[in-house]
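Both backbone and side-chain heavy atoms feed into the values below; hydrogens, waters and symmetry mates do not. This is a predicted model, so every value here is computed, not measured. So you know, we letter chains A, B, ... as the sequences are listed, proteins then strands, and number each from 1.
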Amino acid sequence: MKSKKYKNLPEIRDLVPINSSRGRNPLQAFHQTTGNRWVSVLCALNPLGPIAEAYGRTLAYKLEVKRLDVELEGVKGHAIAARYMIDSQLRLKIEELNQRHSGLRAIEQSINGELRTLQIERAEVLKMARDTHREALQAGLSNEERDFLYKMAMDLIRQLPTFGDRARMTLQNMIKALPPVPSVAGLLEE
Amino acid sequence: MWWLIPAGIGLAVVYSVVSEQEKQAYQRWQQKKNEVEDLLGEVRLEVHSHLYEARQSYNFQHLRGLHSSSVNAADQAYQLLKDSGESLHAINKMLTQSREQRSRFKGKLERAHLRKDFIQVKELKHSSSKLKAYIGSLFREKEKIKKQRNRFRKEVRMLNRRTCELKETIRDYCGEQGEKWYLQKHGRRAPKQLYINPHTFKVELR
């Protein structure tokens with residue numbers, strides 16, 4: 001009921017729409033009306049802003065330190081793994097090398113044996129040739145005997161270059177089996 | 001508005017505390033970052049040197065095996081050279097003896113001519129011509145063996161060069177063990193060097 005004094009005044013709900021004003025932020029309204037021109041100015045004047053930023057940075061540094069700790073452990077682990085890998089690769093390569101060398105040594109031993117046999121045979125033939133030659137030059141032999149001994153000595157002597165050729169071929173096989181000398185660049189890259 | 005003063009002081013105190021914490025956190029972060037960078041550098045260097053040592057060790061094993069094979073081949077070639085030299089020496093001796101015999105035959109032949117012993121003259125002529133043919137054959141074989149000896153000599157030289165090259169490569173590209181090996185091969189001891197003993201941290205000679 002309106003008293004007589006306020007009889008001619010309009011209703012409040014006619015002046016201010018009550019529903020629209022409820023929940024409306026006056027600061028937002030202010031910024032809306034000023035076109036957000038005061039936002040940066042007010043942020044700069046806010047005393048809690050730098051504190052919050054400093055705290056945020058502190059947290060970020062702490063997080064970064066924790067990340068670096070993990071990275072440190074990772075680097076140590078990588079170093080151990082790298083050393084282990086190098087050592088195992090080296091062991092593997094040396095094992096391969098030993099196998100190659102033992103194969104080569106077997107070839108060498110076989111060739112050495114062949115050459116040794118040829119050397120013994122050649123020495124025997126040379127000894128026989130010397131003896132036959134000595135016999136052929138002795139006095140008191142008939143022409144037929146001497147001719148026979150010359151022929152025999154020559155047959156034996158003719159075998160000497162043959163032994164040399166065979167030995168040379170065997171040596172060539174040995175030289176061919178030798179691996180090439182690695183170049184300096186190859187040694188560094190291997 | 002009087003409450004603004006203690007509030008402002010309070011905020012300033014809080015800000016200084018937070019700022020101090022931030023500074024400490026920054027320093028810790030910087031320290032940790034340097035630590036990680038230093039460790040990375042050390043690890044990189046260590047892995048590199050480990051790899052280098054491993055490579056040198058591999059090179060040493062590899063080249064030592066090659067050197068041993070090369071020495072064996074050179075020894076065999078030298079033995080063949082010596083054998084052909086021996087054959088050559090024996091043939092030279094045979095040639096000398098045969099020539100001496102031929103000159104003896106010539107003397108006998110002259111005497112038989114003087115005596116007019118035509119049967120002996122005929123026999124001696126035959127013997128002399130046979131000996132001449134024998135000397136000719138000996139000479140031809142001698143030439144063959146001489147050529148062979150020269151080839152063996154070339155092969156010995158080539159293999160010796162290869163062995164020497166390998167020996168020098170071992171000295172130059174296999175680190176300390178290569179140098180020691182080289183000096184041992186030459187019958188010399190490695191010169192003593194100063195080094196820091198990792199256990200006693202004293203400078204010692206080795």
Side-chain angles (χ1 to χ4, degrees), chain A residues 47-48 50-51 54-55 57-58 61-62 64-65 68-69 71-72 75-76 78-79 82-83 86-87 89-90 93-94 97 100-101 104 108 111-112 115 119 122-123 126 129-130 133 136-137 143 146-147 150 153-154 157-158 160-161 164-165 167-168 171 174-175 178-179 181-182 184 187-188 190, chain B residues 8 11 14-15 18-19 21-22 25-26 28-29 32-33 35-36 39-40 43 46-47 50-51 54-55 57-59 61-62 65-66 69-70 72-73 76-77 79-80 83-84 86-87 90-91 94 97-98 101 123 126-127 130 134 137-138 141 144-145 148 151-152 155 159 162 165-166 169 173:
Chain A
L48 289 173
I51 293 171
Y55 187 67
R57 280 198 297 272
T58 309
Y61 285 135
K62 280 182 178 171
E64 192 64 14
V65 165
L68 287 174
D69 273 336
E71 198 170 315
L72 208 64
V75 168
K76 282 177 188 168
H78 271 105
R83 273 199 297 271
I86 291 167
D87 288 344
Q89 280 285 319
L90 178 68
K93 284 230 164 197
I94 284 180
L97 205 61
R100 268 209 318 256
H101 283 165
L104 196 63
E108 277 171 16
I111 292 176
N112 285 353
L115 286 171
Q119 191 196 352
R122 188 206 57 85
L126 185 63
R130 270 180 186 147
H133 168 82
L137 296 189
N143 278 340
R146 215 182 286 279
D147 288 350
Y150 283 152
M154 269 327 294
I157 288 165
R158 276 190 197 106
L160 293 175
D165 284 339
R168 191 162 174 266
L171 182 73
M174 185 186 255
I175 292 171
L178 287 177
V181 178
V184 172
L187 282 174
L188 295 175
E190 227 170 305
Chain B
L11 281 172
V14 169
Y15 181 74
V18 170
S19 173
Q21 278 179 352
E22 185 201 345
Y26 173 76
R28 269 200 299 275
W29 170 72
K32 191 60 78 178
K33 202 176 104 182
E35 206 179 311
V36 170
L39 185 76
L40 261 175
V43 161
E46 199 194 340
V47 167
H50 197 68
L51 187 68
R55 193 174 282 157
S57 184
Y58 175 79
N59 285 349
Q61 301 278 344
H62 181 36
L66 290 187
S69 302
S70 194
N72 178 55
Q76 293 298 338
Q79 188 58 48
L80 293 177
D83 287 352
S84 58
E86 196 191 345
S87 302
I91 292 177
M94 286 177 198
Q97 286 168 350
S98 304
Q101 178 79 333
E123 271 183 16
H126 176 81
S127 295
K130 286 284 175 187
Y134 178 63
S137 301
L138 274 178
E141 293 308 311
K144 278 185 196 170
I145 292 174
Q148 228 169 40
R151 281 201 293 267
F152 284 135
E155 265 151 13
L159 287 164
R162 180 190 150 95
E165 198 184 321
L166 278 165
T169 313
Y173 295 96

If you count the non-hydrogen atoms of other residues, nucleotides and ligands that lie under 6.0 Å from NE2 in B:His126, is the total more than 12?
->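 Correct, the count exceeds 12.
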Answer with side chain, backbone, both or neither: which region of [X] has an atom nearer than 4.5 Å to a non-hydrogen atom of chain B?
X        : result
A:Leu104 : side chain
A:Ala123 : neither
A:Arg130 : both
A:His133 : both
A:Ala79  : both
A:Ile175 : side chain
A:Leu72  : both

Shortest non-hydrogen separation from [X] to [Y] and the atoms involved:
X        : Y        : answer
B:Gln148 : A:Pro161 : NE2-O, 2.7 Å
A:Arg158 : B:Ser137 : NH2-OG, 3.9 Å
B:Val18  : A:Tyr55  : CG1-N, 3.4 Å
B:Ala73  : A:Leu171 : O-CD1, 3.8 Å
A:Ala167 : B:Leu80  : CB-CD2, 3.4 Å

Do the non-hydrogen side-chain atoms of [X] and [Y] ever get within less than 4.5 Å of each other?
X        : Y        : value
B:Leu39  : A:Lys76  : yes
A:Glu108 : B:Gln76  : no
A:Arg122 : B:Asp83  : yes
A:Met154 : B:Leu138 : yes
B:Glu86  : A:Leu126 : yes
B:Leu66  : A:Val181 : no
B:Arg151 : A:Asp165 : yes

Backbone N/O of A:Asn143 and side chain of B:Glu123: donor-acceptor pair under 3.5 Å =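 Not at all, since once roles are kept as given, no pair shorter than 3.5 Å links the two residues.
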Exam field: side chain B:Gln101 to backbone A:Leu137, donor-acceptor pair closer than 3.5 Å =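 Looks like yes, one N/O pair under 3.5 Å.
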Region of [X] in contact with chain A, defined by heavy-atom distances below 4.5 Å:
X        : result
B:Lys144 : side chain
B:Gln97  : both
B:Gln79  : side chain
B:Glu46  : side chain
B:Leu159 : side chain
B:Ser87  : both

Any chance you could measure [X], atom [atom1], to [Y], atom [atom2], to the nearest 0.5 Å?
X        : Y        : atom1 : atom2 : result
B:Ser69  : A:Met174 : OG    : CE    : 8.5 Å
A:Arg57  : B:Trp29  : CZ    : CH2   : 12.5 Å
B:Leu51  : A:Arg83  : CG    : CZ    : 13.0 Å
A:Ile157 : B:Ile91  : CD1   : CD1   : 5.5 Å

When B:Val47, B:Asn72, B:Leu166, B:Leu40 are compared by non-hydrogen pairs under 4.5 Å with chain A, the top option =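 Ranked by heavy-atom pairs under 4.5 Å with chain A, first place is B:Asn72.
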Look at B:Met94, B:Gln21, B:Gln61 and state which one has the largest set of heavy-atom pairs under 4.5 Å with chain A.
->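 Looking at each of B:Met94, B:Gln21, B:Gln61 in turn, B:Met94 comes out on top.
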Could you have a look at A:Asn112, A:Leu115, A:Ile94 and say which one has the most heavy-atom pairs with chain B under 4.5 angstrom?
->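 If we count pairs closer than 4.5 Å to chain B, A:Asn112 comes out on top.
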Fit a plane to each ring of B:Tyr134 and A:Tyr150, take the angle between them on a 0 to 90° scale, and name the class: parallel (under 30°), tilted (30 to 60°) or perpendicular (over 60°).
->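 Aromatic pair B:Tyr134/A:Tyr150 classed parallel.
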Sidechain N-carboxylate O distance under 4.0 Å for A:Glu64, B:Lys32 =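 Looking at A:Glu64 and B:Lys32, the cut-off is not met.
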